[in-house]
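Note that this is a predicted model, so its numbers are computed, not measured.
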2 protein chains.
Amino acid sequence: MSTLAQGKADLERASTAQKVADMLRERVLDGELEPGLRLSEEAIGGALGVSRNTLREAFRLLTRDRILVHEHSRGVFVRRPTSDDVRDLYAARRAIECGALRLWNDVTEARREAVRAPVRQAVARAEKNDFSKTGTANIQFHRGIVGLAGSARLSDESDRLFAELMLAFRVAREMDAFHQTYLPWNRRIVELLNNGTVEQAVLQLDEYFDAAERDLASRLSAD
Amino acid sequence: MSTLAQGKADLERASTAQKVADMLRERVLDGELEPGLRLSEEAIGGALGVSRNTLREAFRLLTRDRILVHEHSRGVFVRRPTSDDVRDLYAARRAIECGALRLWNDVTEARREAVRAPVRQAVARAEKNDFSKTGTANIQFHRGIVGLAGSARLSDESDRLFAELMLAFRVAREMDAFHQTYLPWNRRIVELLNNGTVEQAVLQLDEYFDAAERDLASRLSAD
DNA sequence: ATCGTAGAATCGTTCAACAATCCTACAAGT
DNA sequence: ACTTGTAGGATTGTTGAACGATTCTACGAT
């Protein structure tokens, strides 16, 4: 049954615009297309071999994800988050994740494990001096927290917030070092959760956001 | 300054696709276009005097807002929320609004007033047996709660959730009566907040979501 | 140095066309 | 009666070209 559902999902993923959007999203998040860069319809469309109309549909999709910004009669640009954007992003995450973490005792064990596992793995890698996937591990931890709420819509929106935050990290040029700093924090939160002191964990998460926001915002405003 | 910013916003609001999307959104939320209805590109485009490509851009915008659903090679349809959708929507609202309400003591007085005012007005109208705007008042109350978080992104996403919920109400055919039922609840929450017992208010809000979700979901599944 | 303007480049929108896909209805077989 | 197969029509997906509208660039005037 699940394989059939998967197959159906694959089939539905046709749409040229969707594929173009996926490719562009990857390029942006990988850093090949730098924040602030303008994406010419003619240039990109020609390079990818799709028509202008189709490309514009792809642009719309990425604008929804806040990866691109659209300026009327000027074109689309790779988003370049400001310190105000960072403030807004962390305000959203604070409400969402603290609200979700509060539900810790009401959810299935599988959902709780989705929070613990990324931290456990990150700790294991750190002990072997392997800091390669430290960025994605941190994000997995927070995705797990959002997942506690049990809403696909909320998880999707959070993914968009994370993607936008990745752009901010790129502008601040502090991607890896940044995530690395906050592994101890994640670890402490998981310990508090395992001890059953959920309210304490929420407060700790709140403090994490304070610190992270200040750190990132200062690097951006200095620019 | 604010008038200049307003003027700029008006100028930027050009875009035919945007205007078409706004018109269609209104028609759907007013109930002229019923949930489940298929929107033919040719028919709608002809009636509104816009080309197919422009109309398709408008469709994309409304798909982002979850007002329409797009099925590959089949067209776009007015969304028809299921009981699973309702479950997901309330799960998202629970996390967001409970997370935001938690911040009651940390925000400006203006933000707190945006929560109190809608309830006060609704109470005043109810005493005069005026139940005309009871629906929008309830939504304004919850918009105020989300606003406590201070994130434009979160408020925008919440508006999308509210719009989707309006569609669910329409399917359940219980729009006004539904909102009316929950005015006492809102009132109690505001009282708890004014008493300084924020944690109590959060719990009360949580219960409200439980009751509202059960109520609406049962009406949908019966259909 | 500031301002204004002509020209180039690019976007916004429309139109027409064709391939790909879906829906409908009807015929054939069990 | 129920499923299966198959044509035909209708609708969507995508392309390409075209033209007015807007923005950008560079050059010259004050």
Side-chain angles (χ1 to χ4, degrees), chain A residues 4-5 7-25 28 33-64 66-80, chain B residues 4-5 7-25 27-28 33-80:
Chain A
L4 282 178
K8 183 185 174 194
D10 285 347
L11 285 180
E12 283 179 355
R13 188 183 315 185
S15 173
T16 315
Q18 188 69 47
K19 283 186 283 190
V20 171
D22 288 343
M23 153 168 282
L24 286 176
R25 177 187 294 109
V28 169
L33 301 172
E34 292 185 1
L37 183 66
R38 171 162 159 275
L39 301 184
S40 156
E41 293 184 355
E42 193 176 8
I44 306 276
L48 270 60
V50 299
S51 84
R52 269 183 68 207
N53 285 321
T54 301
L55 184 60
R56 285 167 65 87
E57 285 206 358
F59 282 168
R60 294 280 183 189
L61 292 174
L62 293 171
T63 306
R64 148 178 90 167
R66 302 202 205 87
I67 299 243
L68 304 182
V69 294
H70 179 108
E71 300 187 19
H72 194 277
S73 290
R74 285 185 18 97
V76 298
F77 303 78
V78 178
R79 176 164 224 121
R80 188 191 182 85
Chain B
L4 282 178
K8 185 186 175 193
D10 285 346
L11 285 180
E12 283 178 355
R13 189 193 308 217
S15 175
T16 314
Q18 187 70 44
K19 283 185 284 189
V20 171
D22 288 344
M23 152 167 284
L24 286 177
R25 176 186 293 109
R27 293 290 163 84
V28 170
L33 301 172
E34 290 185 2
L37 183 67
R38 172 161 159 274
L39 302 183
S40 156
E41 293 185 354
E42 193 176 7
I44 306 274
L48 271 60
V50 299
S51 82
R52 270 181 68 208
N53 285 323
T54 300
L55 184 61
R56 286 166 67 87
E57 286 206 356
F59 282 168
R60 293 281 183 189
L61 292 175
L62 292 171
T63 305
R64 149 177 89 168
D65 291 350
R66 302 202 205 87
I67 297 227
L68 304 181
V69 294
H70 180 112
E71 299 187 19
H72 193 278
S73 289
R74 285 186 17 99
V76 297
F77 304 78
V78 179
R79 176 164 223 121
R80 186 190 184 86

Once you round it to whole Å, what is the distance between [atom2] of [N] and [atom1] of [X]?
X: L55(A); N: dG16(D); atom1: CG; atom2: C1'; result: 14 Å
X: R60(A); N: dC11(C); atom1: CZ; atom2: C1'; result: 12 Å
X: E57(B); N: dC11(C); atom1: CD; atom2: P; result: 13 Å
X: F59(A); N: dT10(C); atom1: CZ; atom2: C1'; result: 12 Å
X: R38(B); N: dC22(C); atom1: CZ; atom2: P; result: 13 Å
X: H70(B); N: dT21(C); atom1: NE2; atom2: C1'; result: 12 Å
X: E42(B); N: dC15(C); atom1: CD; atom2: P; result: 13 Å
X: E71(B); N: dT12(D); atom1: CD; atom2: P; result: 12 Å

side-chain contact (heavy atoms from CB on, under 4.5 Å) between F59(B) and H70(B): does it pass, once the steps are laid out? CA-CA 8 Å; F59(B) 282 168; H70(B) 180 112; 5.9 Å; no

From [X] [atom1] over to [Y] [atom2], what is the distance, rounded to the nearest 0.5 angstrom?
X: L39(B); Y: R27(B); atom1: CG; atom2: CZ; value: 12.0 Å
X: N53(A); Y: E41(A); atom1: CG; atom2: CD; value: 9.0 Å
X: R64(A); Y: R60(A); atom1: CZ; atom2: CZ; value: 13.0 Å
X: T63(A); Y: R79(A); atom1: OG1; atom2: CZ; value: 9.5 Å
X: L55(B); Y: T16(B); atom1: CG; atom2: OG1; value: 11.5 Å
X: L48(B); Y: T54(B); atom1: CG; atom2: OG1; value: 11.0 Å

Could you list all N or O pairs between the protein and nucleotides 17-23 of chain D that sit under 3.5 Å apart?
unit_1  : atom_1 : unit_2 : atom_2 : d
dA18(D) : N6     : R52(A) : NH1    : 3.2

Flag the pair R25(B) / L62(B) as yes when at least one side-chain heavy-atom distance between them is below 4.5 Å, and no otherwise.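 A side-chain contact exists here, since the closest heavy-atom pair is under 4.5 Å.
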
Reckon [X] has a side-chain N or O less than 4.0 Å from the OP1 or OP2 of [N]?
X: S51(B); N: dT13(C); result: no
X: S40(A); N: dT10(C); result: no
X: R56(A); N: dC11(C); result: no
X: T16(B); N: dT13(C); result: yes

Under 3.5 Å between N/O atoms: give me all the protein pairs with nucleotides 6-8 of chain C, atom names plus distance.
none

Describe the nucleic acid contact of G45(A) in one word from base, sugar-phosphate, nothing, applying a heavy-atom distance below 4.0 Å. nothing

Test side chain to side chain contact (heavy atoms under 4.5 Å, CB included) applied to I67(A) and L61(A), V28(A), L24(A), the passing residue: V28(A)

Of the nucleotides dT15(D), dG12(C), dT14(C), which has the atom closest to the T54(A) side chain?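 Selected nucleotide: dT15(D).
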
